[in-house]
2 protein chains.
Amino acid sequence: MARKIDEEKIWRIKASTMKTIVDYGIEATTIAMIAKNANVSGGYLYRIYSGKQDLINELYDEKISSLYQELEFLIALNNTSFKPIISAFVQNRIVYSLNEPIASKFFYQLLHNDNFSLTEELKDKSLSLMQTLKEIGVNTNEISKNVSLYQLYYHIFVYVVDYIQFKRNNIFENQDLLNDDVEYLTNNILNFLKSVD
Amino acid sequence: MARKIDEEKIWRIKASTMKTIVDYGIEATTIAMIAKNANVSGGYLYRIYSGKQDLINELYDEKISSLYQELEFLIALNNTSFKPIISAFVQNRIVYSLNEPIASKFFYQLLHNDNFSLTEELKDKSLSLMQTLKEIGVNTNEISKNVSLYQLYYHIFVYVVDYIQFKRNNIFENQDLLNDDVEYLTNNILNFLKSVD
DNA sequence: AATAAATGAATGAATGTTTATTCATATCTT
DNA sequence: AAGATATGAATAAACATTCATTCATTTATT
């Protein structure tokens with residue numbers, strides 16, 4: 001055997017990628033900047049990733065994946081009613097944005113960048129998750145039976161992430177995220193999904 | 001005097017910039033691509049704009065500006081009740097996304113890109129518009145007096161634009177935007193802003 | 001009215017910088 | 001020593017930007 005792969009090095013690359021993108025934007029971020037910030041040689045990135053696009057896409061897929069896993073876990077924990085699932089999910093998003101502001105903002109940026117899209121596998125998973133959630137909500141009568149999978153997806157994934165990010169980067173005032181936000185967002189989501197006819 | 005400035009040329013540059021960015025993303029868009037697509041020489045862009053960043057930012061400011069003007073007009077038209085203003089604004093956003101899909105998507109992309117931000121002047125205008133709207137809504141009791149300017153701003157500007165764009169780029173199915181959407185979005189917004197406590 | 005001179009618009013090839021990517025070499029672990 | 005990891009200088013392509021030049025239009029002069 002030879003020298004071991006330094007796992008921490010890969011972790012540093014990921015952290016550096018997110019930080020650099022959050023600080024300077026995807027456009028201005030270069031491989032050299034990422035490597036320097038990660039204390040890693042430029043060429044080393046190419047041993048692991050096939051390039052900048054691949055590196056960012058893989059990171060994004062990772063984030064989406066863990067989000068879906070989290071939701072699956074919450075569904076398994078409580079599959080008889082809709083609100084607790086959403087409420088816990090929203091709370092986790094707020095906690096995440098406070099504890100991991102860089103990762104959180106990185107995710108937000110990619111969510112709205114069409115150059116980086118999901119794998120077919122993740123799209124399928126997304127679809128089946130929304131279907132499961134819809135069944136739960138419709139059965140308990142917490143949401144309308146006419147709600148579309150799109151409406152579910154948008155309000156659960158995009159609305160929450162966006163609201164939190166916009167609140168943090170606010171042009172009006174720098175506002176703290178509060179526990180009140182969990183309830184506010186959860187209720188808003190339930191109202192949307194209930195009011196479809 | 002010399003030759004006149006060809007105004008259509010500037011129009012072509014703007015249209016080309018939006019189209020190229022929508023097709024390839026801001027990152028992959030080059031000055032050469034924009035110029036070629038606009039049938040304009042590469043160097044000509046620098047007579048009008050100081051560079052790529054300036055060109056995009058100016059276009060973005062233009063879009064924001066006309067959005068604010070539109071809202072001002074709607075407020076002047078009906079300054080005694082909140083819902084008609086929002087309803088008309090939402091309807092205009094949907095019509096705009098159907099009639100000007102490229103401009104609409106361009107705007108959406110920039111709304112979520114922190115590398116391009118508003119001028120202080122536009123931020124001020126935004127603030128005063130939200131204050132005016134809040135007064136109208138609170139007076140008629142259509143929205144909560146505890147609503148923050150941020151919540152107003154997010155739900156009126158961001159939520160509507162995002163919902164529409166996500167519906168069009170849907171990973172689930174390609175859905176048409178309908179008149180039903182106007183009512184759905186308007187009601188959602190009013191519910192959000194009413195339910196703050 | 002005809003012609004020349006002046007002005008500023010517009011061009012696109014040339015420039016120099018930046019960037020992703022490669023590869024010969026060094027380093028580390030067993 | 002062997003076999004892998006890791007380096008970073010070297011490379012080549014892509015890029016934004018500049019600038020000498022050309023071209024269209026207007027104004028002045030006869």
Side-chain angles (χ1 to χ4, degrees), chain A residues 1-62 106 109-110 113-117, chain B residues 1-62 106 109-110 113-117:
Chain A
M1 272 272 226
R3 187 172 174 179
K4 270 189 208 152
I5 291 183
D6 190 342
E7 286 296 335
E8 205 219 309
K9 214 163 266 191
I10 294 173
W11 184 89
R12 285 210 309 271
I13 290 172
K14 288 179 181 178
S16 167
T17 303
M18 293 192 289
K19 172 112 174 75
T20 312
I21 285 177
V22 165
D23 285 348
Y24 303 100
I26 290 173
E27 175 164 37
T29 296
T30 66
I31 291 283
M33 285 161 88
I34 293 171
K36 189 179 180 179
N37 216 277
N39 242 313
V40 154
S41 69
Y44 183 59
L45 282 154
Y46 290 87
R47 292 191 61 79
I48 301 167
Y49 302 100
S50 71
K52 189 179 160 189
Q53 177 86 15
D54 180 56
L55 162 61
I56 297 172
N57 231 325
E58 206 148 299
L59 261 172
Y60 180 47
D61 277 3
E62 235 172 60
F106 170 78
Q109 279 183 249
L110 284 168
N113 191 319
D114 292 338
N115 289 113
F116 302 89
S117 61
Chain B
M1 273 270 224
R3 183 174 178 178
K4 271 188 206 150
I5 289 184
D6 189 342
E7 286 295 337
E8 205 218 310
K9 215 163 267 192
I10 295 173
W11 184 89
R12 287 210 307 272
I13 290 172
K14 287 178 181 176
S16 167
T17 304
M18 292 192 288
K19 171 110 173 78
T20 312
I21 285 176
V22 165
D23 285 349
Y24 303 101
I26 290 173
E27 174 163 38
T29 296
T30 66
I31 292 283
M33 284 162 88
I34 292 171
K36 189 180 180 179
N37 215 278
N39 243 314
V40 154
S41 68
Y44 182 59
L45 282 153
Y46 291 88
R47 290 191 63 80
I48 301 168
Y49 304 99
S50 70
K52 190 178 159 186
Q53 178 86 16
D54 180 55
L55 162 60
I56 297 173
N57 230 327
E58 207 148 297
L59 261 172
Y60 179 48
D61 277 2
E62 238 173 57
F106 169 79
Q109 280 182 250
L110 284 166
N113 192 321
D114 293 338
N115 289 112
F116 303 89
S117 61

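The chains referred to below are lettered A, B, ... by the order of the sequence lines, with proteins before strands, and numbering in each begins at 1.
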### Nearest-Å distance for atom pair OH/P, residues Tyr44(B) and dC23(D)
18 Å
### Task
Using Watson-Crick or G-U wobble pairs with both distances under 3.5 Å, give me DNA chain D in dot-bracket, 5' to 3', with [ ] for crossers and | for pairs to another strand.
||||||||||||||||||||||||||||||
### Task
Write out all pairs satisfying salt bridge (Lys or Arg N to Asp or Glu O under 4.0 Å) with one or both partners inside residues 28-46 of chain B, taking only residues at least two apart or from two chains.
none
### Task
Would you tell me if any nitrogen or oxygen in the side chain of Arg47(A) comes within less than 4.0 Å of OP1 or OP2 on dA6(D)?
no
Output a table of donor-acceptor pairs, distance under 3.5 Å, between side-chain atoms of residues 22-32 of chain B and any protein atom two or more places apart or on a different chain; print 'none' if there are none.
{"residue": "Asp23(B)", "atom": "OD2", "partner": "Lys19(B)", "partner atom": "NZ", "Å": "2.5"}
{"residue": "Glu27(B)", "atom": "OE2", "partner": "Lys52(A)", "partner atom": "NZ", "Å": "2.6"}
{"residue": "Thr29(B)", "atom": "OG1", "partner": "Thr20(B)", "partner atom": "O", "Å": "3.4"}
{"residue": "Thr29(B)", "atom": "OG1", "partner": "Gly25(B)", "partner atom": "O", "Å": "2.7"}
{"residue": "Thr30(B)", "atom": "OG1", "partner": "Met33(B)", "partner atom": "N", "Å": "3.1"}

### Message
Could you work out, with salt bridge (Lys or Arg N to Asp or Glu O under 4.0 Å) as the rule, every residue matching Asp114(A), not counting sequence neighbours?
### Response
Lys105(B)
### Task
Mind checking side chain to side chain donor-acceptor pair (under 3.5 Å) for Glu62(B) and listing every partner two or more places apart, or none if nothing turns up?
Lys14(B)
### Task
For Ala35(B), enumerate each residue passing the side-chain contact (heavy atoms from CB on, under 4.5 Å) test, keeping only those at least two apart in sequence or located in another chain.
Leu45(B)
### Message
Is there a side-chain contact between Lys9(A) and the phosphate of dC28(C), meaning an N or O under 4.0 Å from OP1 or OP2?
### Response
no
### Task
Evaluate the side chain to side chain contact (heavy atoms under 4.5 Å, CB included) criterion for residues Leu55(B) and Ile34(B): first the C-alpha distance (whole Å), next the side-chain angles of each, then the deciding distance (0.1 Å), finally the verdict.
CA-CA 11 Å; Leu55(B) 162 60; Ile34(B) 292 171; 4.0 Å; yes
### Query
Picking from dA20(C), dT17(D), dA10(C), which would you name as closest to the side chain of Tyr46(B)?
dT17(D)
### Task
Output, in order, the C-alpha distance, side-chain angles, deciding distance and verdict of side chain to side chain contact (heavy atoms under 4.5 Å, CB included) for Ile10(B) and Tyr49(B).
CA-CA 10 Å; Ile10(B) 295 173; Tyr49(B) 304 99; 4.3 Å; yes
### Task
Give, for atom CE of Met18(A) and atom CG of Leu110(A), the distance between the pair rounded to the nearest 0.5 Å.
10.5 Å
### Query
Could you state the CG-P distance from Leu45(A) to dG8(D), rounded to the nearest angstrom?
13 Å
### Message
If the condition is side-chain contact (heavy atoms from CB on, under 4.5 Å), which residues does Asn115(A) pass it with, not counting sequence neighbours?
### Response
Asn113(A)
### Task
Considering just the side-chain nitrogens and oxygens of Ser41(A), establish if one lies under 4.0 Å of OP1 or OP2 belonging to dG8(D).
no
#### Entry: Nearest-Å distance for atom pair CD/P, residues Gln53(B) and dA16(D)
12 Å
### Task
In whole angstrom, give the distance that lies between atom CD of Glu27(B) and atom C1' of dC15(D).
13 Å
### Query
Excluding sequence neighbours, so at least two apart, what forms side-chain contact (heavy atoms from CB on, under 4.5 Å) with Ala15(B)?
Trp11(B)
### Task
For Asn39(B) and for Ala32(A), locate the closest nucleotide of DNA chain C by heavy-atom distance; then report the residue assigned to the nucleotide nearer the 5' terminus.
Asn39(B)
### Summary
Under a 4.0 Å heavy-atom criterion, the protein footprint on nucleotides 13-19 of chain C, written with B, S and -, is ------S
#### Entry: Stepwise side chain to side chain contact (heavy atoms under 4.5 Å, CB included) check, Ile56(A) with Phe106(A)
CA-CA 10 Å; Ile56(A) 297 172; Phe106(A) 170 78; 4.3 Å; yes
### Summary
Under a 4.0 Å heavy-atom cutoff, the residues of residues 10-25 of chain B touching DNA chain D are none
